There are 2 protein chains.
Amino acid sequence: MLNYQLDQTFNALADPTRRALVERLAQGPASVSELAAPLPMSLPAVMGHLKVLEESGLVKSEKTGRVRTCRIEPQMLSQAEHWVAERRAMWERSLDRLGAFLDMTKEDET
Amino acid sequence: MLNYQLDQTFNALADPTRRALVERLAQGPASVSELAAPLPMSLPAVMGHLKVLEESGLVKSEKTGRVRTCRIEPQMLSQAEHWVAERRAMWERSLDRLGAFLDMTKEDET
DNA sequence: TTGATACTTAATCACATGCTTAACTATCAA
DNA sequence: TTGATAGTTAAGCATGTGATTAAGTATCAA
């Protein structure tokens, strides 16, 4: 995954309003005003957040008539998940190496 | 996981310099200047990034003599991972419900 | 004790973010 | 065609971010 895509994806998820939008969209598609209704801010503010989500690839939208319907795009979600999982795995391998090293030195002591 | 912790964790991961630091630390602990050496910025700038990582809980550090040694803290990493995984699961369940609904309407048609 | 090393803090600055309100466009329904 | 609805765009503003350089502190080694 490219660096700037990770920037955009993690940045999109770093805001509670945007996570609320993702959470709502995880339950199914919604229009812009449906998404904005429960949020304590103006519609243009919500549209700003949707723009960030859409640029990150986490959300896609489509306009039919005067209604824009937004839906979640789970691929980016799983790519972010993978980045984190891989670093955690790296860390665990480095712990294993440390463990092996400590075992080795222990054997030397005996 | 609390909202502001997710804010801090995702925000910490939303910067390529900070991800580079996480990536380096996933291979094992390092001092501040070891971490700063390969990066194209001043030491105070790197310390700013380390502060963000440390406030997020992704990194911990400890000073011995004049050397501060930093290490990764994988718990926050896996908590961020879980948040993403759960939303993806939500989305998949909502797809299942849609599938079930479509199957149902199909049965009605026959 | 003197000098180098490793980090820390402070002042500064350019630029990005996250809102707001107001004005505008496009669609739908009567 | 008129009015309401759904969304969009623009201007403005307070605050936050990410960097810099310069100066300061604590530790270590000779």
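Only a predicted model underlies this, so the values are computations on that prediction, with no experimental measurement involved.
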- prompt: Does B:Leu13 offer a backbone N or O that forms a donor-acceptor pair with the side chain of B:Arg19 under 3.5 Å?
  reply: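 Yes, B:Arg19 side chain to B:Leu13 backbone: donor-acceptor pair under 3.5 Å.
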query: If only atom types and distance count, is the side chain of B:Arg18 paired as donor or acceptor with the main-chain N or O of B:Ala12 below 3.5 Å?
result: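 Present.
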Rounded to the nearest Å, what distance is computed from the [atom1] atom of residue [X] to the [atom2] atom of nucleotide [N]?
X       : N      : atom1 : atom2 : answer
A:Met47 : C:dT17 : CE    : P     : 17 Å
A:Lys51 : C:dC19 : NZ    : P     : 15 Å
B:Leu50 : C:dA6  : CG    : C1'   : 13 Å
A:Leu53 : C:dG18 : CG    : P     : 11 Å

message: Under 4.5 Å between side-chain heavy atoms, counting indirect links through other Ile/Leu/Val/Met/Phe/Trp/Tyr residues: same cluster for B:Leu39 and B:Leu50 or not?
response: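 In one cluster: yes.
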ILVMFWY cluster, A:Trp91 and B:Met76 together (side-chain gap under 4.5 Å): yes
task: Pull out every residue in residues 29-39 of chain A that has a heavy atom closer than 4.0 Å to any atom of DNA chain D, ordered by number, or say none.
output: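 Contacts with DNA chain D under 4.0 Å: A:Ser31, A:Val32, A:Ser33.
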From CA spacing to verdict: side chain to side chain donor-acceptor pair (under 3.5 Å), B:Arg68, B:Ser61: CA-CA 6 Å; B:Arg68 176 172 298 280; B:Ser61 75; 2.9 Å; yes
- prompt: With side chains defined as the heavy atoms from C-beta onward, is the minimum distance between A:Arg87 and A:Trp83 less than 4.5 Å?
  reply: yes
query: Got a sec: does the CD of A:Gln75 have more than 12 other heavy atoms crowding it under 6.0 Å?
result: no
query: Using a cut-off of 4.0 Å between protein heavy atoms and nucleotide atoms, how would you tag nucleotides 17-30 of chain D 5' to 3' with B, S and -?
result: -SSBBB----BS--
query: Which residues satisfy the salt bridge (charged side-chain N to carboxylate O under 4.0 Å, His left out) test with A:Glu54, sequence neighbours excluded?
result: none
